[in-house]
J.: 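Would you mind keeping the following structure in view while I ask a few things?
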Amino acid sequence: MSLLRAVARRVATGLVVWWAAATAAYLALLAAPGDTVDSIVGDGADTPQIRAQIIAEWGLDRPAVGQYLDYLWRLAGGDLGRSYLRQRPVAEVIGEQLAPTATLAVTAAGLGVLLAVTVAVGTAGRRRRWPRRVSSGVELLLVSTPSFLIGIVLLSVLSFRYGLFPVAGDQGPAALVLPAVTLALPIAGLLAQVLRDGLDRAWDEPFVLTARARGVRERTVLLRHALRHALLPAVTLAGWLFGILLGGAVIVEQVFGRPGLGQVTLNAVTSKDMPVVLAVVTLSAAGYVVVNTAADLTYLLVDPRLRRS
Amino acid sequence: MSVRPLRTLAVAAVLAVAAGCATATTPAVEAAGQPRSGGALTWAVETEPITLNPHQYAQAKARLLVWNSFEALLTYDARGALVPWLATGWQVTPDGLRYTLSLRAAVTFTDGTPFDAAAVKANIDKLREPGYAPAVAAVQLRHLKAVEVVDPRTVRLTLTAPDVLILDFLASPQGAQVSPRSLREARNLKAGGVDVVGTGPFVLDRYVPGQELHYRRNPGYDWAPPTATHTGPAHLDEITYRFLKESAVRVGALTSQQVQLIEGVPATDQPLITGNPRLRLSRQLNSGSAYSYYLNVSHAPFDDLRVRQAFREAVDVDTVLASVYRDTATRAWSVVSPSSPLYDKRLEGSYGGDTARANRLLDQAGWATRDADGYRTRAGRRLTVRLVQAAPYVRDRRDVLAQAVQAAVKQSAGIDLKVSLVDQGTAQQAFARNEYEVFDNSRADTDAAAALNLLLHSGGGINRTRINDPQLDRLLEAGQATADPTRRAAGYADLQQRVVADQALALPLYAPADQIAASTAVGGVRFEPTAGVPASAYDLWIAR
């Protein structure tokens, strides 16, 4: 029963998040200068007749509130509408770009977490002063380097110079390596810092002393007790991670000529392609809610104290 | 120890630069040899088309794709004259109101539909349907009254007023012939795609949005235009166009042989191509209007001819172009591209770069005092002019060029050119509210007259100088009704004299160009005659 209620509350929260996100996106685009007709006209000929036809085609002469309610109503009914710019159903535009972005994001997230855990575990603790200084310096560098630059450097060396990986497109695992690494490095940098910090603090906790006193081996203390403790703050970053992946995809997809949601979103926002923007926002809000729910469940898994209460 | 990661990074950076700069040490230079049939090519292009339906065409950068699968009734040869393609010829009545076109026999669309007069009528009728292609209906077809099928091989267009640009329409991507079946049945007609087909030498069989377009040869093709270098089916079995937006990535993909052709090579990357014996760079000026700054005459300070002239004299265009484009840009002297048959050569060297004259003119116009920052003032107001650039349409580093012009006019004449790089909406708002003094534009129309109509006629769709000059309107209207090439050129020469020399409505800067870099194993690399953009893949071949 309480589980059901918890789920219901989750769903309700999700709906509110979705509504708030969609409304915020709508208002932001509405407040931005110019209107949809301008962006459909583009830099070509611009006469009253042309404008009138565009307005009639998309019903843009209705009041903003009416258009907004119409959007929400259709969105709620699962109809994403048609793209102003691309003249195709939004579900199609987004549907075909979802898989490449998801593949890239999941691979990058996995790689980032793996790298971060390895580096943090390898460099945490007071006795390893030099490795941790070095790795902390590299992490800082990675976090502060634009992923555009990381991507171009990786491409120049590994693809153009040594031909190890293909440059472009979504063509199997080999083409996924460089984009995923580009996206994963800054994530690994920040996560490693947080994790190591957590490990260092866990090291000072009484339960570590207790574990050691019981004669538990040092590696077991680290992996079973300290790491678990250190994971909590890292899991809190899941929402941030989701945002980074979506934002990073825009740049990575452009550099590597990969299909994906990043490009679609960028084009839609700059051209005020409202149906596409709202669909992407809806999708992101849903993704965000799912990721955060997963994070909450992970807390239960990691921290036995939460399970009892 | 802490030095190591830094050094590793430095090494990586050096490697990256080396990878970019290295002129690959290769054996012999391979030539493409004789044309041969077969093989596949990958071409990395800068722009992913917004639409694949030629009727909706609006991006000059997408033109090289259109003619792979679609064809028009007419086309231009290298001298700018119209020649037959899907039409075998045309006749016009002496009053210029009726065009009768005879059509080529035995042409079929790639979905099997025969090409005939009914198909031509279906295409034009579709273009005039409300909401389908508003810009084409309102501009290119505005004088069209009726389309009539005389017999299966003959179609007649009746106009409401003489308009020679109707022929330019018939040679344009918007006038390309789409299968009537596609017009009826395509799932997303305005977006185009594999189910919107034409009569071209290739068939689009795969579109991966955000990644690539793939075409295969149309084996039954046998109606190449006279401008092509061969007849019959295309040489290549298949061709892939891959979208790579970053120029550094395109060049890297070419130097590492992952693609065989690229288009769009900025000045900074051109040495990488020319220094490599296995690569070849070619460039061609585009048709249409040159890239120019149009000056808004509707309010101060450019309502004063002297200020407009002074602005133009204050810029040493050659120096500015050399600093931004390293001598790869061709200076424009007129609003018409130097590659156009309408170009007026007399304007060359007739103005510009005379700083003393610029300052004299400004003194005369009352902008005689200077403020603390060195800018000229009049009655306490600074001589400020605003250039608004819409970021999505900025190419060829036009934002950097604007900064160079800004520095030049400040230094030589104390003019404050305020450059703002904004989103499309903000730019449109500034234009609508008349809150700008400088408007920058170039257009790639095959017939420059089409661009001039939009830019300089008082009722033009992009009349951002806000000029309302009966004499200009008369010249433009006369030009549109004149078919004789000599009289036409003379009329447009008068127009250019008035716009550039007499009225100083514009500061022409450079003639836009396209570049193709290709492996030497690729033969038949060429530009579309007159248009000056990369040609379709029809004449391309690849050595074994």
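Lettering of chains follows the sequences in order, A, B, ..., and the numbering in each one begins at 1.
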J.: Taking atom CG of A/Leu155 and atom CD of B/Glu246, what is their separation to the nearest 0.5 Å?
T.: 10.0 Å

J.: Does any backbone or side-chain atom of B/Arg250 lie under 4.5 Å from a heavy atom of chain A? Answer side chain, backbone, both or neither.
T.: neither

J.: Identify which of B/Ala137, B/Gly193, B/Gly461 forms the greatest number of heavy-atom pairs closer than 4.5 Å to chain A.
T.: B/Gly461

J.: Identify which of B/Glu48, B/Arg187, B/Arg443 forms the greatest number of heavy-atom pairs closer than 4.5 Å to chain A.
T.: B/Arg187

J.: Taking side chain as everything from C-beta outward and backbone as N, CA, C, O, which of these in B/Val249 sits under 4.5 Å from a heavy atom of chain A? Side chain, backbone, both or neither.
T.: both

J.: How close do A/Ile50 and B/Pro134 get, counting heavy atoms only, and between which atoms?
T.: CG1-O, 3.8 Å

J.: How far apart are the closest heavy atoms of A/Gly257 and B/Leu244, and which atoms are they?
T.: CA-CD2, 3.8 Å

J.: Using non-hydrogen atoms only, which part of B/Glu212 is less than 4.5 Å away from chain A: side chain, backbone, both, or neither?
T.: neither

J.: For B/Ser256 and A/Phe160, which heavy atoms make the closest approach, and how far apart are they?
T.: CB-O, 3.4 Å

J.: Please classify the contact between B/Ala253 and chain A as side chain, backbone, both or neither, with a heavy-atom cut-off of under 4.5 Å.
T.: both

J.: Report the distance from atom CG of B/Asn188 to atom CZ of A/Arg82, rounding to the nearest 0.5 Å.
T.: 5.0 Å

J.: Which answer fits B/Ala58, side chain, backbone, both or neither, if we ask what part of it has an atom under 4.5 Å from a heavy atom of chain A?
T.: neither

J.: Could you have a look at B/Ala432, B/Gly210, B/Ala427 and say which one has the most heavy-atom pairs with chain A under 4.5 angstrom?
T.: B/Gly210

J.: Examine whether an atom of A/Gln254 lies under 4.5 Å from a heavy atom of chain B, and if so say whether it belongs to the side chain, the backbone or both; otherwise answer neither.
T.: both

J.: CD of A/Gln87 to CG of B/Leu52: how many Å apart, nearest 0.5 Å?
T.: 12.5 Å

J.: Which heavy atom of B/Gly131 sits nearest a heavy atom of A/Gln53, and at what distance?
T.: N-OE1, 2.7 Å

J.: Between A/Gln263, A/Glu92, A/Glu253, which has the largest tally of heavy atom pairs under 4.5 Å with chain B?
T.: A/Glu92

J.: Using non-hydrogen atoms only, which part of B/Ile50 is less than 4.5 Å away from chain A: side chain, backbone, both, or neither?
T.: both

J.: Determine the option with the most heavy-atom pairs under 4.5 angstrom with chain A, choosing from B/Ala191, B/Pro209, B/Gly459.
T.: B/Pro209

J.: Tell me, side chain or backbone of B/Thr51 under 4.5 Å from chain A's heavy atoms, or both, or neither?
T.: neither

J.: Looking only at the side chains, is there a donor atom on one of A/Ser159 and B/Gln258 sitting less than 3.5 Å from an acceptor on the other?
T.: yes

J.: Can you tell which part of B/Arg464 gets under 4.5 Å to a heavy atom of chain A, answering side chain, backbone, both or neither?
T.: side chain

